[in-house]
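Please read the structure below before turning to the comments.
Just follow the structure's listing: the first ligand is 1, and inside any ligand the first atom is 1.
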Amino acid sequence: MSELLRVNGLDKVYDIKKMFKPTMKLKALSNINFHLNSRETLGIVGESGCGKSTLAKVLTKLEQKTAGSIELLGKNFDTFNPKEFHSAIQMVFQDPYQSLNPRKKAFDIISDPLTINTPEKSSADVKEQVYAMMKKVGLREEFAKRYPHHFSGGQRQRLGIARSLMLHPQILILDEPVSALDVSIQAQVLNLLLELQTEFNLAYLFISHDLSVIQHMSDRILVMYLGRVVEYGSRDEIFNNPLHPYTQILLESAPKTNREKKDADHILNGELPSALNLPRGCAFEPRCPYATPGCKEVIPDLIEKQGRWVACHEASFAAKN
Ligand SMILES: Nc1ncnc2c1ncn2[C@@H]1O[C@H](COP(=O)(O)OP(=O)(O)O)[C@@H](O)[C@H]1O
Ligand code: SF4
Ligand SMILES: [Mg+2]
């Protein structure tokens, strides 16, 4: 198993400009560290607003990082030219309705990566590859002439997946790829992703706020809270023996039925603090049942504990309870 991606000390700060007010800084990512191996799935989980999409955007160069370094296929990420970059890493977006050009037919949407990055390819070659990919993602040939609005949600996501695979990337970043779909369709798309991963030897960075989806798809898991990594390790370590209080509460509150979901809303106390005004110490302190006075003052480092990485001053104490 080789390492495809390594992220070191990644920060992303957005400048928030409002009329007649000084520019404010919003720290969406703080000191993110992780790596991704070939053919594995790293699940990224956390509440809405914790920085998951920002991470996906920085890793696909839709946003620029503020600090830190990224190594892609053993090379500095910043030195890749666009063709090399798009052949290494691609993204599938949450909302297939918004991420596909409504004025383009499916054939053109899927063939664009080829015609843009490999203009030397003959049109017969492009056609053959597009139809072969449509077949692999479960889209019939006659769909090639249709516009995205003629497709169902699941078919549109298949279209987005087909487009993302045309340059045979090694890494696919999937940002909530099934969240916009009906539950019955979600399983079909997840199964397709598992099949494609094996067939094309893909590594997935799989982003979701849904723990059951994360558990189903991931080999390893990175839990984020307000722009920071709070726990990072193998799926089984994290699901069987979570050490960070936030991970524990997320797992306890994972809904199995609608009624349980209602009850779970009481477990995670208080609002997510604003990313514009982060607490000085541990960002989870205002909601944490194990907080001590020191937690307010000092940001916990991510340290290795019981076979995974965790950022909590009291992780051992929390684990015993
Ligand atoms: N383009 C942007 N400009 C300013 N703030 C942003 C921008 N995109 C995201 N944010 C802020 O960054 C934080 C993380 O957002 P996001 O990455 O979308 O989280 P998630 O995907 O986990 O829901 C949020 O506080 C969000 O409001
Ligand atoms: S560092 Fe303190 S406040 Fe933060 S999660 Fe751990 S116990 Fe809770
Ligand atoms: Mg998001």
Side-chain angles (χ1 to χ4, degrees), residues 10-18 21 23-30 32 43-66 91-95 98-99 173-180 205-211 213-214 222-232 242-252 267-303 305 309-321:
L10 184 69
D11 287 355
K12 173 66 188 174
V13 179
Y14 289 113
D15 283 335
I16 309 287
K17 296 187 178 94
K18 286 200 180 138
K21 288 199 173 158
T23 301
M24 290 198 284
K25 302 272 180 201
L26 187 149
K27 199 152 193 195
L29 299 174
S30 301
I32 303 286
I44 301 198
V45 68
E47 280 168 285
S48 176
C50 73
K52 304 181 298 295
S53 294
T54 300
L55 178 61
K57 286 179 195 158
V58 170
L59 292 175
T60 46
K61 297 197 177 181
L62 293 172
E63 290 283 357
Q64 268 197 325
K65 62 181 160 52
T66 309
M91 175 141 157
V92 173
F93 295 86
Q94 166 172 4
D95 191 348
Q98 279 180 13
S99 65
I173 300 191
L174 300 134
D175 188 2
E176 307 266 10
V178 297
S179 306
L205 205 73
F206 192 99
I207 296 172
S208 178
H209 66 278
D210 183 331
L211 277 160
V213 171
I214 286 282
L222 184 133
V223 184
M224 286 180 68
Y225 188 76
L226 273 177
R228 288 186 175 271
V229 178
V230 295
E231 194 159 359
Y232 171 47
L243 291 186
H244 196 284
Y246 178 61
T247 318
Q248 293 173 355
I249 291 172
L250 268 188
L251 292 180
E252 276 170 41
I267 302 177
L268 203 52
N269 289 318
E271 297 277 308
L272 189 73
S274 164
L276 271 172
N277 188 17
L278 290 172
R280 185 171 52 204
C282 173
F284 192 54
E285 187 274 337
R287 304 166 94 183
C288 181
Y290 306 108
T292 62
C295 298
K296 250 192 168 79
E297 305 301 324
V298 182
I299 296 175
D301 286 332
L302 192 68
I303 54 169
K305 224 171 211 171
W309 294 78
V310 60
C312 169
H313 299 305
E314 307 290 328
S316 307
F317 171 71
K320 282 186 213 129
N321 289 270

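- Distance check for T54 against the Mg ion (ligand 3): none of its N/O/S atoms falls below 2.8 Å.
- Ligand 2 is approached by H244 to a heavy-atom distance shorter than 4.0 Å.
- In summary, the atoms of ligand 1 found under 4.0 Å from a heavy atom of A275, numbered by their order in the structure, are 25 (O).
- Using modelled atom types, one finds no donor on one side chain facing an acceptor on the other under 3.5 Å when comparing D15 with T23.
- For C288, every heavy-atom contact with ligand 2 shorter than 4.0 Å involves the side chain, none the backbone.
- With hydrogens and angles ignored, the 3.5 Å screen pairs no side-chain donor or acceptor of K25 with any backbone N or O of L276.
- Listed by number with element, the atoms of ligand 2 under 4.0 angstrom from any heavy atom of E314 are 7 (S).
- Between H244 and F284, the ring planes lie tilted relative to each other; the angle falls in the 30° to 60° range.
- Of all atoms in ligand 1, numbered sequentially from 1 with element shown, those under 4.0 Å from a heavy atom of I16 are 4 (C), 5 (N).
- At under 3.5 Å, a nitrogen or oxygen of C50, whether backbone or side chain, sits near a nitrogen or oxygen of ligand 1.
- Shortest contact from atom 1 (N) of ligand 1 to any protein heavy atom: Y14 CE2, 3.6 Å.
- Among the atoms of C295, an N, O or S atom falls under 2.8 Å from atom 2 (Fe) of ligand 2.
- Of the residues I207, D175, L62, the one that meets the side-chain contact (heavy atoms from CB on, under 4.5 Å) test with S53 is D175.
- Using a 4.0 Å cut-off to heavy atoms of P245, the atoms of ligand 2 that qualify are 5 (S).
- Nearest to atom 4 (Fe) of ligand 2 among the protein's heavy atoms is C282 SG, 2.3 Å.
- For ligand 1, the atoms lying closer than 4.0 Å to a non-hydrogen atom of S53 are 17 (O), 18 (O), 20 (P), 21 (O).
- Between the side chain of T66 and the backbone N or O of V13, at least one donor-acceptor pair lies under 3.5 Å.
- Atom 20 (P) of ligand 1 has its nearest heavy-atom neighbour, among A56, G49, G46, S274, in G49.
- Protein heavy atom in closest approach to atom 6 (Fe) of ligand 2: C312 SG, 2.3 Å.
- Nearest protein neighbour of atom 11 (C) of ligand 1, counting heavy atoms only, is L26 CD2, 3.7 Å.
- Considering only non-hydrogen protein atoms, atom 1 (S) of ligand 2 sits nearest to H313 N, 3.3 Å.
- Listed by number with element, the atoms of ligand 1 under 4.0 angstrom from any heavy atom of S48 are 23 (O).
- Just one residue in the list I299, V223, I32 forms a side-chain contact (heavy atoms from CB on, under 4.5 Å) with R228, and that residue is I299.
- Less than 4.0 angstrom separates atom 26 (C) of ligand 1 from none of the non-hydrogen atoms of the protein.
- Considering only non-hydrogen protein atoms, atom 19 (O) of ligand 1 sits nearest to G51 N, 3.2 Å.
- Against a heavy-atom cut-off of under 4.0 Å, E285 is close to the following atoms of ligand 2: 3 (S).
- Nearest protein neighbour of atom 17 (O) of ligand 1, counting heavy atoms only, is T54 OG1, 2.6 Å.
- In summary, the atoms of ligand 1 found under 4.0 Å from a heavy atom of A28, numbered by their order in the structure, are 12 (O).
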